[in-house]
Colleague: 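Structure incoming, see below.
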Amino acid sequence: MRREEVVLGGGPFLPASACYISEQMAKNHSSAAEAAYPEDDRPLSQRAMGRPAAASYLEGLNPEQRDAVETLDGPLLVLAGAGTGKTRVLTTRISHILNLGKARPGEILAVTFTNKAAREMKGRIGSMIGGAVEGMPWLGTFHAIGVKILRRHAEAVDLKPSFTVLDVDDQIRLLKQLLAAENIDEKRWPARMLAGLIDSWKNRGITPKRVPEGESFAFGNGKGQALYAAYQKRLKELNVVDFGDLLMENLRLFQEQPDVLAQYQQRFRYMLVDEYQDTNVAQYLWLRLLAQENPNICCVGDDDQSIYGWRGAEVDNILRFEQDFPGAKVIRLERNYRSTGHILGAASGLIAHNEGRLGKTLHTEDQSGDKVALQGCWDDEEEARVIGEDIEQLQRKGHALNEIAILVRASFQMRAFEERFLNLGLPYRVIGGPRFYERQEIRDAIAYLAVTLNPSNDIKFERIVNVPRRGLGDSSVKAVHQLARARGVPLTQAARMIVETEELTARARKSLAGLIGSFDRWRGMIDSMKHTDLAELILDESGYTAMWQNEKSPQAHTRLDNLKELIRFMDEFDTLAGFMEHVTLVMDREAEETEDRVNLMTLHSAKGLEFDSVFLPGWEEGLCPHQRSLDESGRSGLEEERRLGHVGLTRARVRAKITFAQNRRTHGTWQSAIPSRFIDELPVDHVDVVEDTGYGGYGASRFDTVETVFASGFYETPGWQRAQRNRPDTGSPQRRREPLTIEGTLVAASTAEGSGFSTGTRVFHQKFGYGRIAVVDGNKLTVDFEKAGRKKVVDSFVERS
DNA sequence: ATCTCTGTGATTTTT
DNA sequence: TCACAGAGAT
């Protein structure tokens, strides 16, 4: 994720001796190498040096794992259940391919979903083959690899090689502008919704032209498709791509340029895919294209752990693998090395209720250990109290808090636990939540750096043009915008032009000129200054650091710390450009946690992790099979929720406890809840019911209150009142009051070179009124206005009167 | 520009 | 209930 990813192509990747053999084998690798294996086919030099025999790393594997590692040719699906050594198989397989000399590191494509997984694989392979990780240039996330390929062929998809990746914030900002331009009421049709829709299209590999007619109506009364097209056009103008494009444009590239596709098909002798159950349609199509020529594709995944359907993952991809890749071999990894027999039994029993699955039966030799505990509680507070007590007891027995996790379905559940733990003085940490890169101050800082590097990055420029406040409010920005659009130039360039005139107030003009000047100055220092020093200088000189120093809010200090952390992070890269290249894609830095704390997170973020003790609160109908999931996706939704439960249980090594609350406060009102259907699906032999002794007596009376509050409160809810009020209002979306003639002038001005104006012409200006042109200087006019006096203006802001 | 008020909606999250 | 975003007021 750091420097090594910037390295393109395959550099030296193995010790010299190994490199030699790889070269040789790669040339005529097919039959000879296969026949030779498993005999010791290392070069004499290596054998003489006493290096471990080729197969030594295979020894610790169980038969299925070994089969998965050694079945190198043809399509292979490895169904790897939870805790069955999936990562080990992947990394050993890569090492094996390299060791046999069947491919060079640069000829292996290995894709993961997260940076974390990619990093882990790099690390493990590095320690297996001897540290030289640079040799795996094509090991990374789908997105990172997508960027790498796109950079090399940017022109083929109407981009410049210097394109940047748009983050979600900027994406929304851009969509909002489009909606405003189209006069769409953002209240009714929020930009986020459109973003989600576009994302879902991109997930499925659907271009604007191919949007199904019905789906276009999912936004703005049928404007969905047109807006998607407009958005794509705008992205190209700005030379940016969004996350979805990283794959979409790759697909387009491969489809439109067969020679480019062929180049990669030949390059990748072996392909490996991690977490295949999480791939979306676009990723699947991408892999299919690459594997057409050379079917050595190995997908590792677990259909029972597919929990990202709602963001485009297609479980179907893994279910259909054998049809998609004819002649595919399927290997099941069912030996679990993580959990006790009871935990595994409970998890297996639960997931067995799903119909759409390939079917695996996890087993373990470990038959010791406790059954899964089950306890009902009165409400969420009691649930937190019970779990808090359990944890304190574990702590007293000497268990590390780091080995304890509470996995919730939805983040609002965390609150009760946090309150309780603060009360008890029990240290905890929340995993997930807002990420470093998503913090406002980090994004602002990055915006400054981005504009310094590339002055035509309009989106970033807009973000910080008035941050910190420098008197460039809406009206000033709008004027710059208008000019930029009329001329078809970036905002910074429009700003340069406008400060030569008197369109803006003297104060705004001075401020804007200062900002532009600063950016020019900073840009001039890129080559002569260390990038981290430059970043610091920019943040200081722009007044950004001062802005937070002057703020008295308690978070201001953290923000300044984060900025320092950003600079420290930058230091891991050689140049500013190198840092910026990776900033959008990889900023998942979490400070290494050393303290002993209980882990609190959602079930989703627990995937891939494991703990000695796991608590699973909130197993209630409507929450653990989440109501929304049921409403929106019916049976498949229910099955995904069940997989979520399965993922939760299989995180536990030695103990797991499921709890549910009979009453839960949601949106302010108390609701009585019934235990999740999943609870009754657990095999009784693996479960111990803990009697709930925590409440007595007052339950019924409280319940009465619940009903009264609910019944009487309804007609006072804001929602109802809103509905009443809005009834007669037939809704008249505000029309933007902009004379059409202005538009006409704008179009004319943008097409004509130079101004079509001459001295003496009577003109009209929105702000200054009527006047007569005194001087024409290219696009700049000096006009004697009847009321405002002599002003310098840009020609596109006036019209003939 | 900075605040206060009002309306709104409320799973899950990576890149 | 409560947090947050956007509009409107000062």
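Order of the sequence lines sets the chain letters (A, B, ...), proteins ahead of strands, with each chain counted from 1.
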Colleague: Run the numbers on A:E581 and A:R151 for salt bridge (charged side-chain N to carboxylate O under 4.0 Å, His left out), then give the verdict.
Modeller: CA-CA 11 Å; A:E581 162 75 7; A:R151 282 241 190 269; 2.5 Å; yes
Colleague: Phosphate oxygens OP1/OP2 of B:dT15: is one of them under 4.0 Å from a side-chain N or O of A:N115?
Modeller: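 For A:N115, the contact criterion (side-chain N or O under 4.0 Å from OP1 or OP2 of B:dT15) is met.
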Colleague: Using the salt bridge (Lys or Arg N to Asp or Glu O under 4.0 Å) definition, which of the options A:K460, A:R463, A:R173 pairs with A:D167?
Modeller: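 Output: one option passes, namely A:K460.
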Colleague: Looking at A:E419 and A:R415, is any side-chain nitrogen of the basic one under 4.0 Å from a carboxylate oxygen of the acidic one?
Modeller: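 Here A:R415 pairs with A:E419 in a salt bridge, since their nearest N and O are under 4.0 Å apart.
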Colleague: Does the pair A:D169/A:R443 count as a salt bridge with the N-to-O cut at 4.0 Å?
Modeller: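 Salt bridge present between A:D169 and A:R443.
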Colleague: Do any of residues 630-642 of chain A sit with a heavy atom less than 4.0 Å from DNA chain B, and if so which?
Modeller: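 Within this stretch, A:E632, A:E641 sit under 4.0 Å of the strand.
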Colleague: Between A:G473 and A:L246, name the one whose nearest nucleotide on DNA chain B is closer to the 5' end.
Modeller: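 It is A:G473 whose nearest nucleotide is closer to the 5' end.
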Colleague: Across the strands shown, which category fits A:R415 at heavy-atom distances under 4.0 angstrom: base, sugar-phosphate, nothing?
Modeller: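 It contacts sugar-phosphate atoms only.
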Colleague: So is the aromatic ring of A:H604 stacked onto the base of B:dT12, judging by whether the centres are under 5.5 Å apart and the planes are under 30° apart?
Modeller: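 Given the distance and angle limits, no, they do not stack.
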Colleague: So does A:R435 get a side-chain nitrogen or oxygen closer than 4.0 Å to the phosphate oxygens (OP1/OP2) of B:dT14?
Modeller: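 For B:dT14, OP1/OP2 do have a side-chain N/O of A:R435 under 4.0 Å.
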Colleague: Less than 4.0 angstrom between a side-chain N/O of A:K187 and OP1 or OP2 of B:dT6, yes or no?
Modeller: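 The answer is no; no side-chain N or O of A:K187 sits under 4.0 Å from OP1 or OP2.
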Colleague: The side chain of A:H667 lies closest to which of these nucleotides: B:dT12, B:dA10, B:dT15?
Modeller: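 That would be B:dA10.
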Colleague: How many Å lie between CZ on A:R664 and P on C:dT1, as a whole number?
Modeller: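 Computing the A:R664:CZ to C:dT1:P distance gives 18 Å.
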Colleague: Ignoring backbone atoms, establish whether A:S605 has a side-chain N or O less than 4.0 Å from OP1 or OP2 of B:dT13.
Modeller: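 Yes, such a contact exists.
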Colleague: Can you name the side-chain contact (heavy atoms from CB on, under 4.5 Å) partners of A:R677, sequence neighbours left out?
Modeller: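 With neighbours one apart ignored, the set is A:E621, A:P625, A:L630, A:L638, A:E681.
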